[in-house]
Amino acid sequence: MSKIQMKTPLVEMDGDEMTRVIWQMIKDILLTPYIDLKTEYYDLGLEHRNATDDKVTFDSAEATKKYGVAVKCATITPNAARVEEYKLKEMWKSPNGTIRAILDGTVFRTPILVKGITPYIPTWTQPITIARHAYGDVYKNVEMQVKKGSKAELVCTDADGNVSRETIYEFNEGGGIIQGLHNRDDSIASFARACFNYALDMKKDIWFATKDTISKKYDHRFKDIFQEIFDAEYKEKFDAAGIEYFYTLIDDAVARVIRSNGGYIWACKNYDGDVMSDMVATAYGSLAMMTSVLVSPDGIYEYEAAHGTVQRHYYKYLKGEETSTNSVATLFAWTGALKKRGELDSLPELMAFADKLEQATIGTIEDGIMTGDLYLLSTLENKKKVSTEEFLNAVNEKLQSLL
Ligand code: NAP
Ligand code: MG
């Protein structure tokens with residue numbers, strides 16, 4: 001059988017620990033036997049980031065801008081313990097943060113659903129994709145603890161030196177706390193465009209919610225920017241695609257989400273997205289079944305798993321013990337990237353292969369062959385727990401029956 005050919009290379013960002021091991025296994029077992037895999041390889045493993053003073057992370061993001069599609073392995077975000085463990089020159093920043101800032105992207109997280117693993121909300125029969133605005137609000141706040149007798153004011157000086165001033169609170173009865181927040185019109189607009197583009201791409205409705213009844217300027221600005229951009233640039237495209245943009249209050253959104261069957265994208269302000277993505281991920285069962293894609297407003301895509309490097313399993317692996325680590329989200333990062341590359345380069349064969357690989361993966365789990373994390377959750381009667389590598393081999397067997 002001749003291998004599937006590619007045109008443009010994928011930007012390949014390798015990573016750390018157990019996911020780095022899985023990365024190589026996926027390529028060896030499921031990709032290179034079938035595809036003449038063309039990638040531009042960047043090693044974002046912590047050792048190489050340290051050796052290049054993190055330049056490799058910046059280079060990989062620039063390459064993503066150039067080619068348009070990247071696939072990324074989970075990477076360590078260094079903390080004090082990692083600085084010690086890897087003898088780092090510096091506590092390098094989160095690669096995801098760096099890449100997101102360069103691409104000005106929005107992260108969309110979608111669970112992979114399989115029979116036998118019922119969401120805690122059983123009516124959620126379709127995935128809910130969460131889009132989180134990853135700039136500003138409480139994540140870029142300034143805050144103070146103040147004493148009794150303090151007067152807190154919001155003061156803004158414009159470019160011409162005009163001062164606007166509003167009293168926040170006079171702490172006459174005792175001390176307290178204050179906080180200053182901001183966001184930027186251009187960041188909100190990028191977020192809105194990334195969301196509308198992704199909704200068109202996925203052919204799914206998009207919901208957005210804020211607390212605009214209480215926050216009549218701050219949250220209202222989000223609502224207005226979304227609506228202006230939708231009306232001016234997307235309304236006709238949405239009508240043609242038969243999808244909808246739906247705005248409501250955050251409280252109403254939460255109530256509707258719980259009652260829904262899923263199947264839409266939920267765009268969230270930064271804090272809402274932080275909290276709701278953990279709730280939604282947990283409700284669908286396993287972090288190891290959550291995919292993640294970073295989409296820029298100009299249509300650049302970077303695919304990855306939502307989980308980290310699965311450190312505890314890696315230490316077992318290093319000791320030569322058998323691991324049963326779930327490779328599904330990492331595998332779907334590859335299939336997502338290959339499908340997008342196939343779409344952009346008009347390679348139907350590549351897209352069909354990626355679809356079949358996804359079917360084979362889901363089919364394997366639904367046949368009862370799964371890693372330990374899913375084994376604990378699955379209600380299938382004839383289920384079997386397998387190792388990291390056994391799972392990928394089982395997927396390969398199933399894939400061959402589909403090709
Ligand atoms: P993690 O790697 O997501 O793992 C947390 C726990 O979740 C694991 O110990 C494991 O539970 C379970 N788990 C996660 N993924 C799994 C999988 N594929 N298969 C089976 N079980 C899975 O998070 P972490 O331990 O907090 O972080 C480890 C490293 O990853 C850190 O250095 C962090 O900086 C990095 N990280 C990177 C990214 C990214 O690159 N996108 C995201 C998050 C974290 P059990 O141990 O109970 O089996
Ligand atoms: Mg969170």
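Counting starts at 1 for both ligands and their atoms, following the listed order.
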Carboxylate-amine/guanidinium contact Asp231 Lys235, below 4.0 Å:
no
Protein heavy atoms near atom 26 (O) of ligand 1, is at least one of them under 4.0 angstrom away?
no
Just say parallel, tilted or perpendicular for the rings of Phe196 and Tyr234, cut-offs at 30° and 60°.
tilted
Suppose I only count heavy atoms of Arg82 and a 4.0 Å limit; which atoms of ligand 1 are within that range?
29 (C), 31 (C), 32 (O)
Counterpart residues, salt bridge (charged side-chain N to carboxylate O under 4.0 Å, His left out), relative to Glu397 (two or more places apart)
none
Ligand-residue contact atoms, ligand 1 with Ala288, heavy atoms, under 4.0 Å
16 (C), 17 (C), 18 (N), 19 (N)
Check the orientation of Tyr314 and Tyr317. Use parallel for under 30°, tilted for 30 to 60°, and perpendicular for over 60°.
parallel
Can you list everything that forms a salt bridge (charged side-chain N to carboxylate O under 4.0 Å, His left out) with Arg82? Sequence neighbours excluded, please.
Glu17, Glu85
Proximity of Arg312 to ligand 1 by residue part, where a heavy atom lies under 4.0 Å:
side chain
What I want to know is whether Gly308 and ligand 1 share at least one N or O pair that is separated by under 3.5 angstrom.
yes
For ligand 1, which atoms sit closer than 4.0 Å to a heavy atom of His313?
20 (C), 21 (N), 45 (P), 46 (O), 48 (O)
Kindly indicate whether atom 5 (C) of ligand 1 is approached by any protein heavy atom to under 4.0 angstrom.
no
Where ligand 1 meets Lys72 - atom numbers and elements under 4.0 angstrom, heavy-atom basis
40 (O)
Using distance alone, decide if ligand 1 has a nitrogen or oxygen within less than 3.5 Å of any nitrogen or oxygen in Ser327.
no
Which bit of Asn79 gets closer than 4.0 Å to ligand 1, counting heavy atoms only: side chain, backbone, both or neither?
neither
Between Lys65 and Asp104 (salt bridge meaning N to carboxylate O under 4.0 Å), is one present in this structure?
no
Answer yes if the ring centres of Phe230 and Phe238 are under 6.0 angstrom apart, and no otherwise.
yes
Asn326 heavy atoms within 4.0 Å reach ligand 1 at atoms 17 (C), 18 (N), 19 (N), 20 (C)
Are any of the side-chain heavy atoms of Asp355 and Thr335 separated by less than 4.5 Å?
no
